[in-house]
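Some notes on the structure that comes next.
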Amino acid sequence: MNAIAMRPIAPEPTPNALGDEALMTRYAQGDAQAFDTLFERHRGSVYAFIQGFTPHRDQWDDLFQDVFIRLIRNRKRYRETARFTTWLYAITRSACIDAMRKAKTQANLIQPTDGDTVISLAACAGSTPRDAAHESFMRERILHAVHSLPDEQREALMLRENTDMTFDEIGALLGCPANTVKSRLHYALSAVRRRLIQDGITP
Amino acid sequence: MNEEQIRQWMIERLYGEISPEDDLRLEEQLSADDALAREWSELLQAREWMRSLHDSGQAAPDPDAIHDEARRDLARRTIFPARWLAAAAVLMLASVSAAVALLNPTPKTGVDGSAIVMNAPAPDITLRESVSRKVKPIREAVAVNSVTGLLSMNDAPEPALIAASHGGSAEIDASAAQAESLFRTGLSVYNQAFTKVGGERKTLLESALLLLSDVVKQCPGEKEWAALAMTLMADSYRALDRTGDAIETYRELIARFPDSEITAQQARYSLAELMMSDEKYFGGIAGVINDLNASDGSSEQFATLALSAAGRVQNAEPEQALEWTRAVLAAWPGDHVFHQKAQHIADDIRRALRDRDAIHDWLFIGPFPDFAMGFGELPLAGSNSKMRGLNGQSVAWRPVALDEGRLLPLKGARIPDGKGWTGWLSTSVYTPHPRMVVISANTQAVYYLYINGEIRSRQRNPSLIDPRELLRLNQSYCKVPLEEGWNQITFKVFFSTSNPEDAIFLVSVLDTDLNPIPDLTCSTEPHENASARSTRPAPVERR
């Protein structure tokens with residue numbers, strides 16, 4: 001009788017050990033835990049992108065939820081050949097643009113102004129209330145400077161700052177060459193700095 | 001080397017995508033060119049600021065609704081028919097309502113479970129994509145679960161035990177127990193709503209509204225429960241995007257329970273937040289903020305709200321905005337961020353008010369050659385011929401109004417290109433009593449200021465000033481006394497350029513805190529008014 005060679009069974013990788021693309025494929029096939037891992041991995045950067053992209057802070061939470069619900073709805077359309085981050089931020093960007101377009105068409109929309117700044121002390125992790133207040137103040141000024149950028153510079157900056165996408169990938173997403181992305185980043189960073197200096201923030 | 005290429009390398013290096021060869025080339029360029037090196041360090045600084053945005057970033061929400069939806073979507077597409085959830089929702093509502101009916105000792109006036117289901121809109125299983133929770137937690141009898149974000153009751157004895165332990169009249173105990181029971185049921189349905197999205201959430205919120213309104217209607221004497229119920233009702237309306245109903249409910253809550261520190265105060269803030277977010281209702285915010293200033297003016301929450309509102313209305317209603325910034329300035333020390341922010345807004349507003357309230361009508365004589373700045377005497381009416389204008393012509397005092405509200409009218413003055421010029425401007429200000437004022441001048445001119453013929457401010461001799469400095473817009477202040485009655489204010493000005501666009505001359509008379517003074521009158525033709533004590537200024541004296 002021939003001995004049957006037993007092939008060792010490789011342990012099933014845990015979701016945490018998998019790449020984004022594999023996780024998304026798993027979720028598309030019905031693994032809910034894979035979604036939780038993806039969500040945990042990307043929620044911070046998606047939220048940060050939204051905060052920088054849209055000045056309407058009352059829309060941030062809605063948009064955030066909208067992005068992931070769009071991802072859930074479109075899970076079957078995802079193909080592992082595409083990089084997950086690119087796909088996720090295509091969805092995020094599209095949700096943000098939709099929301100801003102919608103906001104612009106609402107006659108009663110309140111446009112944000114300088115004074116719109118809401119200082120959220122709770123959002124800061126400073127060691128003392130004063131540090132927290134300072135951090136919060138700085139954060140609001142920086143966000144304000146980012147919001148004052150032209151759309152194309154703002155989205156290039158937010159994509160590069162909040163994701164691990166390369167210039168080429170950002171260019172592909174925005175429909176422009178990588179060199180244009182770099183130029184936009186240069187202008188954006190210079191403008192942010194200029195704005196902050198104007199606001200009295202010193203290096 | 002192409003500068004565009006160097007800038008692209010800078011960005012590549014900044015984000016770690018530069019090749020070693022390009023990195024070397026970039027380093028060579030930076031070492032050789034100070035301007036580029038400065039540009040690089042500025043980019044580094046900007047990037048550092050952007051990074052600090054990450055470090056202090058607000059935590060992303062983790063709504064259960066997303067995880068629920070992820071699982072529900074899997075389940076819906078693989079196992080359950082879509083209508084299953086609709087049926088479950090109806091069943092759940094029916095069971096909740098039945099429980100209420102059992103607990104309610106007066107069924108005729110209580111909550112009828114079937115009525116809830118009948119009155120509630122049909123559950124819509126088509127999930128809307130984004131309905132977020134925009135409600136404030138109530139603090140007293142309910143608590144917020146830090147993990148789920150749901151509201152829950154703080155531990156409390158069962159209603160029956162309350163009745164037994166009070167020892168008061170049975171009627172009162174029954175009412176308290178009934179109110180609590182109704183409230184608990186309403187709260188349970190309210191919380192359930194936030195585990196759902198779309199039509200399911202809407203249905204549950206509308207059901208919660210019915211249950212909570214019963215607390216208010218049936219147990220009006222149970223003030224605490226009624227106030228809490230109204231808070232939740234208003235929050236439900238908000239979540240349903242029924243802003244008008246939410247505002248009305250908050251207002252009713254404040255009117256009925258004005259002394260409830262927690263609920264009424266929180267309602268005021270919720271009301272303000274709603275009004276801030278909806279321009280349709282924004283007009284009513286002043287009353288709410290003023291109420292909050294009186295009751296909670298030293299809190300962080302008030303400062304945040306007041307500054308936000310001040311920033312919003314600073315252009316349309318600067319005086320109102322200034323009042324709110326003053327409240328914050330008074331409540332917070334100078335080194336606090338609230339104080340600094342308030343100061344920043346207040347300065348902006350004051351600047352705008354100064355420009356708005358600037359003196360626009362002047363008597364003017366000029367332009368004279370620039371050397372006339374050195375003359376010690378003021379030209380008097382009737383003696384104009386002594387002093388010739390820039391082109392040798394005789395000039396006389398004449399009334400002028402500022403062009404575009406800010407520029408001295410120089411059209412037709414034929415000032416030779418590149419030449420500076422001098423002129424005198426005069427007006428009179430009436431004050432009903434003696435006072436110290438601040439004369440604020442926003443101008444590029446070098447000037448001497450005379451009050452009632454006495455020199456009060458003398459800037460440096462223009463020939464000693466760097467011409468580049470002269471081109472900078474000056475905002476200067478001079479504190480001077482005014483006598484009761486009419487006071488003559490005269491400026492001798494020197495402008496270093498002939499460009500009419502540089503002839504900005506905005507002068508305001510402010511109080512010593514740099515605020516506008518409402519009871520001042522300004523005129524180029526001072527006259528006796530109702531105040532018999534007012535005096536006409538003496539003609540400008542020659543020196």
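No hydrogens, no waters, no symmetry mates; every other heavy atom, side chains included, goes into these values. Here the structure is a predicted model, which means the values were calculated and not measured. The chains referred to below are lettered A, B, ... by the order of the sequence lines, with proteins before strands, and numbering in each begins at 1.
- Rounded to the nearest 0.5 angstrom, A:I170 CD1 and B:Y15 OH are separated by 8.5 Å.
- B:L305 does not touch chain A: none of its heavy atoms, backbone or side chain, sits under 4.5 Å away.
- Inspection of non-hydrogen atoms places A:L157, A:M158, A:R160, A:E161, A:N162 of residues 153-162 of chain A under 4.5 Å from chain B.
- Looking at B:E48, neither its backbone nor its side chain comes within 4.5 Å of chain A, counting heavy atoms on both sides.
- Here the OG atom belonging to B:S52 is positioned 9.5 Å from the CZ atom belonging to A:R139, to the nearest 0.5 angstrom.
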Next item on the list: Using the side-chain contact (heavy atoms from CB on, under 4.5 Å) rule, take B:E12 and A:F167 through it: C-alpha gap first, then chi angles, then the decisive distance, then the call.
Entry: CA-CA 9 Å; B:E12 287 170 8; A:F167 298 125; 4.0 Å; yes
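- Contact annotation for A:I50: neither backbone nor side-chain heavy atoms come within less than 4.5 Å of a heavy atom of chain B.
- Proximity to chain B at a heavy-atom threshold of 4.5 Å picks out A:K182, A:S183, A:L185, A:H186, A:L189, A:S190 from residues 180-191 of chain A, in numerical order.
- How far OG of B:S277 is from NE2 of A:H56: 13.0 Å, rounded to the nearest 0.5 Å.
- The contact between A:T166 and chain B is made by backbone and side chain atoms together, counting heavy-atom distances below 4.5 Å.
- When each of A:V146, A:L143, A:L196 is checked for heavy-atom pairs under 4.5 Å with chain B, A:L196 comes out on top.
- Neither the backbone nor the side chain of A:V46 comes within contact range of chain B; no heavy atoms are under 4.5 Å apart.
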